[in-house]
Trainee: 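This is the structure I have questions about; it appears just below.
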Amino acid sequence: RADAERILSSDDATQRRVQLSVPPVGAVLVVDDDDAARWLVVRALARSGIQTFEAVDGREAVEHVLAKPELIDAIILDVMMPGLNGFDVIRHIKRIPAAATTPIILVTASATEEDDIVRGVEYGAIDYIMKPVSTAVLTAKVRAACERSRAERRLRYDLRFAELHAMIDPLTGLFNRRHFEARIREAAAYSKRHDQPFSIVMVDLDHFKSVNDTYGHETGDHVLTQFAAAVRSVLRGEDVAFRYGGEEFVLLLRACDAERAADVAERLQKRLRQRPYLFRDGTSRVITFSAGVAAALPSEGYGSAELVSRADAALYRAKAAGRDRIAY
Ligand code: GH3
Ligand code: MG
Ligand code: MG
Ligand code: MG
């Protein structure tokens with residue numbers, strides 16, 4: 001289920017995995033068809049605490065990066081290799097999203113390789129080392145590349161985290177209204193293209209003010225989180241729930257007409273009836289809501305503004321008719 005909490009927690013899991021599997025200094029892929037040259041580099045790096053992976057040709061290098069892009073902090077790449085040469089490898093790696101910014105250091109065979117260096121840098125290598133390799137220069141450059149790589153990864157993670165937080169309601173963990181606006185536009189475009197209906201259900205808790213007034217705002221908050229959990233439990237995989245405002249929620253239901261949308265709302269009603277909220281003072285109460293259902297119409301071009309106002313109007317009718325009901 002594309003649910004905000006799940007995305008966040010799986011992101012945390014990825015982050016933990018990355019932290020656990022990456023050694024302190026860095027991990028580097030060493031690509032060279034010449035065994036002696038490759039071992040020299042590997043030994044020098046190992047002595048300064050850098051983990052190494054090896055590839056004996058371009059193909060192996062690309063396969064290695066494809067398999068575990070997040071575990072490689074930098075790539076040391078021989079230019080002259082049979083099959084895919086160093087430039088080919090750079091081009092392939094730049095097309096792998098998770099590795100596109102991994103620093104690549106070229107290893108060129110001789111001082112006649114000025115053109116190689118220029119070409120390599122144009123392709124996206126950040127630096128080069130001349131053969132025969134100086135271990136001091138090698139180690140310094142690789143350390144710098146690893147640090148750069150890790151700083152960049154941290155930044156990317158922070159950005160993704162910020163992005164997710166901008167769409168999530170912190171109290172319930174559901175998506176927020178801002179994200180709803182984006183998703184409903186997306187759903188409308190999809191429906192238009194495929195001529196397929198979708199529906200929304202506007203949900204407003206009944207007499208919620210009295211929960212706050214009787215038990216306090218904190219209990220009110222807890223009721224809202226429990227309600228959100230109930231909402232999650234009745235949704236199908238392709239449905240998404242949002243906290244629209246205070247005690248108002250909205251469900252976005254893909255490939256769903258008004259009748260089936262009302263079924264989902266009824267399932268929620270039933271579930272809340274089965275599990276009354278138990279208050280601190282030992283009393284319990286069934287949390288009820290009123291809901292307005294609206295299906296996107298081809299005649300309205302599946303427009304989302306009209307859809308929201310029809311659902312709102314239906315919700316108002318449900319309230320006016322006595323609450324605890326679902327109206328179209
Ligand atoms: P109705 O059946 O007409 O919807 O009655 P109601 O009391 O639910 O409606 P009203 O809009 O008058 O009140 C909504 C209440 O929801 C008022 C506000 O204090 C409360 N509320 C809104 N957001 C939150 C929140 O985040 N936490 C808590 N605890 N209460 C909230
Ligand atoms: Mg070579
Ligand atoms: Mg309200
Ligand atoms: Mg209300």
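Whatever order the structure lists them in is the order used to number ligands and atoms, beginning at 1. Index from 1, following the sequence.
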Trainee: Tell me, do R273 and D324 make a side-chain contact under 4.5 Å, heavy atoms counted?
Mentor: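 Yes, at least one pair of side-chain atoms sits under 4.5 Å.
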Trainee: Hey, would you say the F249 and Y244 ring centroids sit under 6.0 Å apart?
Mentor: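 No - the distance between ring centres of F249 and Y244 does not fall below the 6.0 Å cut-off.
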Trainee: Can you see whether Y128 has K141 sitting over its ring - NZ or CZ less than 6.0 Å from the centre and within 45° of the normal?
Mentor: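 That pair qualifies as a cation-pi contact.
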Trainee: Hey, is ligand 1 close enough to L205 that some N/O pair sits below 3.5 Å?
Mentor: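 Yes, at least one N or O pair falls under 3.5 Å.
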Trainee: Is the ring centre of Y190 less than 6.0 Å from the ring centre of F198?
Mentor: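 No, ring centres 6.0 Å or more apart.
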Trainee: So which protein heavy atom does atom 5 (O) of ligand 1 come closest to, and at what separation?
Mentor: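 Nearest neighbour among protein heavy atoms for atom 5 (O) of ligand 1, to 0.1 Å: H207 N, 3.3 Å.
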Trainee: Can you label the angle between the F242 ring and the F180 ring as parallel, tilted or perpendicular, going by 30° and 60°?
Mentor: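 Aromatic pair F242/F180 classed perpendicular.
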Trainee: Please work out, at 4.0 Å between heavy atoms, whether the side chain, the backbone, both, or neither of K319 comes within that distance of ligand 1.
Mentor: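 For K319, the contact with ligand 1 is made by the side chain alone.
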Trainee: So which heavy atom in the protein is nearest atom 3 (O) of ligand 1, and how far is it from that ligand atom?
Mentor: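 For atom 3 (O) of ligand 1, the nearest protein heavy atom is R323 NH2, 2.9 Å.
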Trainee: Take atom CZ in R280; do more than 12 heavy atoms of anything else shown fall under 6.0 Å from it?
Mentor: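 Atom CZ in R280 is not packed in, count stays at 12 or less.
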Trainee: Take the Mg ion (ligand 4) as the vertex and measure to O of L205 and OD1 of D204; round to 10°.
Mentor: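 Between O of L205 and OD1 of D204, the angle at the Mg ion (ligand 4) is about 80°.
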Trainee: Scan R143, R153, Q51 and name whichever one has a side-chain hydrogen bond (donor to acceptor under 3.5 Å, both in side chains) with D73.
Mentor: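 Single pass found, and it is R153.
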Trainee: Hey, is there an N, O or S on E248 sitting under 2.8 Å from the Mg ion (ligand 3)?
Mentor: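 Short answer: no, not a single N, O or S atom is under the cut-off.
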Trainee: Note the single closest protein heavy atom to atom 18 (C) of ligand 1, along with its residue, its atom name and the distance in Å.
Mentor: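 Going atom by atom, the protein heavy atom closest to atom 18 (C) of ligand 1 ends up being N212 ND2, 4.0 Å.
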Trainee: May I have all residue pairs that pass ring pair (Phe, Tyr, Trp, His ring centres under 6.0 Å) and include part of residues 266-288, sequence neighbours excluded?
Mentor: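 Qualifying pairs, neighbours excluded: Y215-F279, H222-Y277, Y277-F279.
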Trainee: Looking at atom 16 (O) of ligand 1, would you say a protein heavy atom lies below 4.0 Å from it?
Mentor: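 At least one protein heavy atom is under 4.0 Å away.
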Trainee: Report the nearest protein non-hydrogen atom to atom 27 (N) of ligand 1: residue, atom name, distance rounded to 0.1 Å.
Mentor: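 So the nearest neighbour among protein heavy atoms is D221 OD1, 2.6 Å.
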Trainee: For ligand 1, which atoms have a heavy atom of L224 less than 4.0 angstrom away?
Mentor: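 Here the atoms of ligand 1 in question are 25 (C), 26 (O), 27 (N).
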Trainee: Around atom CZ of R59, are there more than 12 heavy atoms from other residues, nucleotides or ligands closer than 6.0 Å?
Mentor: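 No - once you tally the heavy atoms of other residues, nucleotides and ligands closer than 6.0 Å, there are 12 at most.
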Trainee: Provide the number and element of each atom of ligand 1 under 4.0 Å from a heavy atom of G220.
Mentor: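 In order of numbering, the contacting atoms are 29 (N).
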Trainee: Indicate whether the side chain of T101 and that of E152 have a donor and an acceptor atom separated by less than 3.5 Å.
Mentor: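 Per modelled atom types, T101 and E152 side chains form a pair under 3.5 Å.
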Trainee: Starting from atom 23 (N) of ligand 1, find the nearest protein heavy-atom neighbour and note its residue, name and distance.
Mentor: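 Heavy-atom neighbour on the protein nearest atom 23 (N) of ligand 1: G246 CA, 3.1 Å.
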Trainee: What residue and heavy atom of the protein are closest to atom 11 (O) of ligand 1, and at what distance?
Mentor: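 Checked against all protein heavy atoms, atom 11 (O) of ligand 1 sits closest to E247 OE2, 4.4 Å.
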Trainee: From L106 CG over to D127 CG, what is the distance, rounded to the nearest 0.5 angstrom?
Mentor: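 That separation rounds to 9.0 Å.
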Trainee: Answer with yes or no whether R243 contacts ligand 1, where contact means a heavy atom under 4.0 Å from a ligand atom.
Mentor: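 Under 4.0 Å: yes for R243.
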Trainee: For ligand 1, indicate whether the residue D204 contacts it via side chain, backbone, both or neither (heavy-atom separation under 4.0 Å).
Mentor: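 Looking at D204 and ligand 1, just side chain atoms fall under 4.0 Å.
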Trainee: For atom 7 (O) of ligand 1, what's the nearest protein heavy-atom neighbour? Residue, atom name and distance, please.
Mentor: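 For atom 7 (O) of ligand 1, the nearest protein heavy atom comes out as K209 N, 2.9 Å.
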Trainee: For the Mg ion (ligand 4), find the closest N/O/S atom on E247 and give its atom name.
Mentor: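 Per the distance ranking, E247 contributes OE1 as its closest N/O/S atom to the Mg ion (ligand 4).
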Trainee: Considering only protein heavy atoms, which is closest to atom 6 (P) of ligand 1, and at what distance to one decimal place?
Mentor: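 Checked against all protein heavy atoms, atom 6 (P) of ligand 1 sits closest to F208 N, 3.4 Å.
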